[in-house]
Amino acid sequence: MQTVETLNEGLKRAYTVTITSKDIDARVDKEVKAMAPQVRMPGFRPGKVPANLVKKMHGEALQRDALNNSIQESIQKLIADQKLRPAMQPSVELDEGFEFGKDAEIKVALEVLPDIAAPSIEGIKLERLTVEVADAQVDEAAGRIATQQGALEEKGDDHVAQDGDTLVIDFLGKVDGEAFEGGAAEDIKLKLGSGQFIPGFEEQLGGVKKGEEKVIEVTFPEDYGAAHLAGKLATFDIKVKSILDGDKPKLDDDFAKSLGLEGLDQLKDLLKGQIEQEHNGLTRTHMKRKLLDQLASAHDFDVPPSMVEAEFEQIWQQLQHEASHEEDPAAAIAEMEAEKDDYRAIAVRRVRLGLLLSEIGQANGVTVSDQEMNRLIMQAAQQYGPQDRERFVQYVRQDPMAAAQLRAPLYEDKVVDFLFDKAEVTDRAVTKEELEAAIEAEDGDIKPHVHGQDCGHDHDEKPKAKKAASKKAAAEPAAEAEAVAEEAPAKPKKAAAKKAAPAAAEADAPAAEAAAEEKPKKKAAPKKAAAKAE
């Protein structure tokens, strides 16, 4: 194998690698010799088929395999000999004029990871905004649960129903005097003013009292879902069994026990823990963004354009998806286009931060244990059906890049936690509204600190983002760090329209974004009666 460097500019490298025909032929001969004992051919005893006949029968396939294997090993040797750390998959092209029996010349182009000086982790100062859980918040959360469960206080017998009250009713619907299918139900809760039932139904129940029986008339809408009822006049025999106060949920030990708990105190303790967890998540988000801002502003190095482009494409696809669900998709896309340079700068920031976190993690022994990795795989596998889960697990265990992508977000969080422990942290108590306002204010600061040699922008310029949440989320590192630290093998791109495609070459490469886990959608609750909402 002969190697000639043809480009060494910034982070870009290119090489011409020549593989001799002698090497390819030797591989073919070796494979023929290995497979000859298994070849069967009429007129020859098993295992006695001459090598030249074996080569004649399988020569073309053997030559392709030999070429691919030679290219694979050549790229691996190139990376090892030149001490390269590919940022992305190397591009490999076989000379279009190649013919078997001649030397093979391949062109290898790649970008390498930058050499990063040991990141400074000294002198980091962070403010931790903490939120105390108030009793009123816990009571409000418990009240919401009670309302959702229908645990409401009952009104007195003399109470006259009005908007906001919840009626517990039985009803029987009839068309032309005959009961119709789906038109009867018992113990149905109907909140007056909610628009839950067809037009005219709820309005006729205003002013009723507990125990009252009433017959009402309604006309089903012309576009009603059940064709046999659409546009028909119907009567409903109504019995009002009780009237509940929609504004006063019933909160007592009996209600808590109906949820499987020991009592109201246990319910409130659980809710307080959930609220604290929510507050802690907001606190961490704020601290992490402040930490990343300090890291980004304190370090300056070029990043591989290919990584930036891959990151930008991911951000852009996410934004396009969000824009497609806006009321005016065309306007949303136009706004995105106007801010395209901002998003590209965010991609640069993400890549730089990912590489910084990687270096910090490697230098300080941050790792993801086998036990943690197994837990990640099992959690990710839950998004698939039972038959596909095992296939997913095997795929992740066999594909280093897939494993690196799955591992990356956890690795990033562990590096961030390590830096939190090293930082000088001061606490300040705030309200939840103040903490959310602080995070929202940061969302507006979408211009990351890009310190390239020709960055050409004012670091005090902070354009306001209309899609703040999307932009700030995009400005955080893309979880590439762990894959760099673990030196996951990368696969070179296959040469398009070539006579032979190179096989995989092992190389260090940061992972792209970890795959998002899709949560299954809940099925809609079936309608209890045809008389309900349109």
Q. With sequence neighbours left out, what residues match Phe312 under ring pair (Phe, Tyr, Trp, His ring centres under 6.0 Å)?
A. Trp316
Q) Under a 4.5 Å cut-off applied to non-hydrogen side-chain atoms, are Gln318 and Gln314 in contact? A) no
Q) Should Glu313 and Arg344 count as an ion pair when the cut-off is N to O under 4.0 Å? A) no
Q.
For a quick check under 3.5 Å, do Arg27 and Ser70 share a side-chain donor-acceptor pair by atom type?
A. yes
Q: Answer yes or no: is there an ion pair linking Asp135 with Lys272, defined by an N-O contact shorter than 4.0 Å?
A: no
Q) salt bridge (charged side-chain N to carboxylate O under 4.0 Å, His left out) with Glu327: which residues, sequence neighbours excluded? A) none
Q. Do any N or O atoms from the side chain of Gln294 and from the backbone of Leu291 form a donor-acceptor pair under 3.5 angstrom?
A. no
**Q.** Ion pair Arg428/Glu434, N-O distance below 4.0 Å
**A.** no
Q | Expected output: side-chain Glu359 to main-chain Asp115 donor-acceptor under 3.5 Å | A | no
Q.
Check whether Gln379 reaches the backbone of Leu376 with its side chain - one donor and one acceptor, N or O, closer than 3.5 Å.
A. no
Q) So which heavy atom on Ala380 is nearest to which on Leu406, and how close? A) CB-CD1, 3.8 Å
Q. Have Asn374 and Arg397 got a donor and an acceptor in their side chains that come within less than 3.5 Å?
A. yes
Q. Side chains of Glu93 and Ile106: does their closest heavy-atom pair fall under 4.5 Å?
A. no
Q. Within the distance-only criterion (no hydrogens, no angle test), does the side chain of Thr283 pair as donor or acceptor with the backbone N or O of Thr130 below 3.5 angstrom?
A. no
Q. Above 12 or not: heavy atoms from other molecules or residues under 6.0 Å from CD of Gln277?
A. no
**Q.** Side-chain touch Asp427/Leu129, heavy atoms, less than 4.5 angstrom
**A.** no
(Q) With rounding to the nearest 0.5 angstrom, report the CD to CG distance, Glu73 to Asp23. (A) 8.0 Å
Q) Would you say the side-chain atoms of His321 pair up with the backbone N or O of Gln317, donor to acceptor, closer than 3.5 Å? A) no
Q) Once you round to the nearest 0.5 Å, how far does CD of Glu339 lie from CG of Asp342? A) 6.0 Å
Q.
Taking side chain to side chain contact (heavy atoms under 4.5 Å, CB included) as the definition, give me every residue that meets it alongside Glu105, ordered by chain and number, with sequence neighbours left out.
A. Thr16, Thr18, Asp95, Lys107
Q: Could you walk me through whether Phe420 and Arg128 pass the side chain to side chain contact (heavy atoms under 4.5 Å, CB included) test, one step at a time?
A: CA-CA 10 Å; Phe420 283 166; Arg128 180 164 47 213; over 6 Å; no
Q: List in chain and number order the residues that pass salt bridge (charged side-chain N to carboxylate O under 4.0 Å, His left out) with Lys340, two or more places apart in sequence or in another chain; answer none if no residue qualifies.
A: Glu337
Q: Mark yes or no for whether Asn280, through its side chain, and Glu276, through its backbone, hold a donor-acceptor pair below 3.5 Å.
A: yes
Q. In chain order, what residues pass the salt bridge (charged side-chain N to carboxylate O under 4.0 Å, His left out) check against Lys422, with sequence neighbours excluded?
A. none
**Q.** Backbone of Asp65 reached by a side-chain donor or acceptor of Asn69 within 3.5 Å
**A.** yes
Q. Are Arg284 and Asp413 within salt-bridge range, i.e. N to O under 4.0 Å?
A. yes
(Q) Less than 4.5 Å apart, side chain to side chain, heavy atoms only: is that true for Met307 and Leu113? (A) yes
Q. Should the pair Lys414-Glu372 be classified as a salt bridge under the 4.0 Å nitrogen-to-oxygen rule?
A. yes
Q: Kindly indicate, with the supporting measurements, whether the criterion side chain to side chain contact (heavy atoms under 4.5 Å, CB included) is fulfilled by Ile145 and Leu271.
A: CA-CA 10 Å; Ile145 294 176; Leu271 291 173; 3.6 Å; yes
Q. Does any non-hydrogen side-chain atom of Phe98 lie less than 4.5 Å from one of Asp103?
A. no
Q) Do you know the tightest heavy-atom contact between Ile377 and Phe392? A) O-CE2, 3.8 Å
Q. Which atom pair, heavy atoms only, marks the closest approach of Leu267 to Ala256?
A. CB-CB, 4.3 Å
Q) In this structure, are over 12 heavy atoms from other groups packed under 6.0 Å from Gln2 atom CD? A) no
Q: Measure across Ile333 and Ala323 and return the closest heavy-atom pair with its distance rounded to 0.1 Å.
A: CG1-CB, 3.9 Å
Q: For the residue pair Gln362 and Ser358, confirm or rule out a side-chain donor-acceptor distance under 3.5 Å.
A: yes
Q | Interatomic spacing from CD in Glu311 to OH in Tyr343 - rounded to 0.5 Å | A | 14.5 Å
**Q.** Arg85 side chain vs Pro114 backbone, donor-acceptor pair below 3.5 Å
**A.** yes
(Q) Taking the cut-offs as 6.0 angstrom to the six-membered ring centre and 45 degrees off its axis, would you call Arg352 and Phe301 a cation-pi pair? (A) yes
Q: Under the side chain to side chain contact (heavy atoms under 4.5 Å, CB included) rule, what do Asp139 and Lys268 come out as? Steps first, then yes or no, please.
A: CA-CA 7 Å; Asp139 292 340; Lys268 290 187 175 182; 3.1 Å; yes
Q. With Met1, which residues qualify under side chain to side chain contact (heavy atoms under 4.5 Å, CB included), at least two apart?
A. Thr3, Val17, Ser74, Lys77
Q) Do Val366 and Leu357 touch side chain to side chain, with heavy atoms closer than 4.5 Å? A) no
Q.
Distance alone, cut at 3.5 Å: any donor-acceptor contact between the side chains of Glu111 and Ser306?
A. yes
Q.
Treating Ser194 as the side-chain partner and Gln196 as the backbone partner, does any N or O pair qualify as donor plus acceptor under 3.5 Å?
A. yes
Q) Would a 4.5 Å heavy-atom cut-off, applied to side chains only, mark His286 and Leu435 as touching? A) yes
Q: Using a 4.5 Å cut-off on heavy atoms from C-beta on, say whether the side chain of Gln320 contacts that of Met336.
A: yes
(Q) Using only atom types and a distance under 3.5 Å, with no angle test, would you say the side chain of Arg13 pairs donor to acceptor with the backbone of Asn8? (A) no
Q. How long is the gap from CG on Leu356 to CG on Leu292, to the nearest 0.5 Å?
A. 9.5 Å
Q | For the student: nearest non-hydrogen atoms of Leu84 and Leu78, plus distance | A | CD1-O, 4.3 Å
Q. Atom CG of Asn364 and atom CG of Asp421: how far apart are they, to the nearest 0.5 Å?
A. 11.5 Å
Q: Please determine which of Arg349, Lys288, Lys125 meets the salt bridge (Lys or Arg N to Asp or Glu O under 4.0 Å) test together with Asp293.
A: Arg349
Q. So how far is it from Lys432 NZ to Glu436 CD, rounded to the nearest 0.5 Å?
A. 5.0 Å
Q. Any idea which heavy atoms bring Leu264 and Leu251 closest together, and the distance?
A. CD2-O, 4.0 Å
Q. Side chain to side chain contact (heavy atoms under 4.5 Å, CB included) between Ile315 and Ile346: does it pass, once the steps are laid out?
A. CA-CA 9 Å; Ile315 294 171; Ile346 285 172; 3.9 Å; yes
